[in-house]
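Only one structure is covered here, and it is reproduced in the block below.
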Amino acid sequence: VQLQASGGGLVQAGGSLRLSCAASGRTFSNYVVGWFRQAPGKEREFVAHISRSGSFTDYGDSVKGRFTISRDNAKNTVYLQLNSLKPEDTAVYYCGRAITMTKFPTDFNSWGQGTLVTVSS
């Protein structure tokens, strides 16, 4: 099973986007889902993750207060609302699934191809 990220695009600084992470299969609600991002020449960075039920969330320090993660298990989809975007948020955003509420990308699998977010100044 792979997760499919979508919703990226070009936006001006201060703008907003909503990313979606869709999965196939009936076991989607059994997994923690995380968003990560990777800018050119940089390592994959933790952005946010959400528990199986959606009750627990956590964020990377650089996005706290600006990004919000949520999930709709009936639709097999996790969302990432990006507000107050900055040029340094420019990256390819990926979603993956894990067994625990971990922040390490190596603990996640089922990565899709990602979606590009470009923030202009």
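The structure presented is a predicted model; accordingly, all values stated were derived computationally and were not measured.
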In Å, rounded to the nearest 0.5 Å, how long is the span from SG of C95 to CH2 of W111? 8.0 Å
For the residue pair T102 / T100, report whether a side-chain donor-acceptor contact shorter than 3.5 Å exists. no
May I ask you to decide if the ring planes of F46 and H49 are parallel, tilted or perpendicular, using 30° and 60° as cut-offs? perpendicular
Shared hydrophobic cluster, V11 / F67 (ILVMFWY, side-chain heavy atoms < 4.5 Å): yes
Would you tell me whether Q81 and R18 have side-chain atoms, one donor and one acceptor, within less than 3.5 Å of each other? no
If you compare all heavy atoms of S121 against all heavy atoms of P87, which two are closest, and at what distance to 0.1 Å? CB-CG, 3.9 Å
Does NZ or CZ of R44 fall inside the cone over Y94's six-membered ring, less than 6.0 Å from its centre and within 45° of the axis? yes
Between Y31 and I99, is a side chain to side chain contact (heavy atoms under 4.5 Å, CB included) present by the stated rule, with each step listed? CA-CA 6 Å; Y31 295 94; I99 300 300; 3.7 Å; yes
Do S62 and E45 have a side chain donor and acceptor closer than 3.5 Å? yes
Reported CZ-to-CZ distance for the pair R52 and R71, which is rounded to 0.5 angstrom: 8.5 Å
All heavy atoms of S55 vs all of S53, minimum pair found to be OG-OG, 2.9 Å
Atom pair OG1/CG of T68 and N83 - distance to nearest 0.5 Å: 6.5 Å
Sidechain-backbone polar pair: N76 side chain, C21 backbone, donor-acceptor under 3.5 Å: no
side-chain hydrogen bond (donor to acceptor under 3.5 Å, both in side chains) involving Y93 - partner list, sequence neighbours excluded: R37
Evaluate side chain to side chain contact (heavy atoms under 4.5 Å, CB included) for T115 paired with L19, printing each intermediate quantity in order. CA-CA 8 Å; T115 187; L19 308 184; 4.1 Å; yes
Kindly compute the distance separating OG (S70) from CG (L80), expressed to the nearest 0.5 Å. 8.5 Å
Would you say F108 ends up clustered with F104 if hydrophobic residues are merged whenever their side chains have heavy atoms under 4.5 Å apart, either directly or through other cluster members? no
Atom OH of Y79 and atom CH2 of W35: how far apart are they, to the nearest 0.5 Å? 11.0 Å
Taking C-beta and beyond as the side chain, do V78 and F28 meet within less than 4.5 Å on heavy atoms? yes
Looking just at side-chain N and O atoms, do R97 and N109 make a donor-acceptor pair shorter than 3.5 Å? yes
Residue pair L17 / V117, side-chain heavy-atom distance below 4.5 Å: yes
V63 and V119: same hydrophobic cluster, using ILVMFWY side-chain contacts below 4.5 Å? yes
Check whether T90 reaches the backbone of T118 with its side chain - one donor and one acceptor, N or O, closer than 3.5 Å. no
Shared ILVMFWY cluster between F36 and L116, side chains joined below 4.5 angstrom? yes
For K64, the salt bridge (charged side-chain N to carboxylate O under 4.0 Å, His left out) test, sequence neighbours excluded, returns D61
Both conditions, 6.0 Å and 45 degrees, for the charged tip of R66 above the ring of Y59: are they met here? no
Is a side-chain donor-acceptor pair under 3.5 Å present for D72 with T77? no
What's the spacing between S20 OG and K75 NZ if we round to 0.5 Å? 9.5 Å
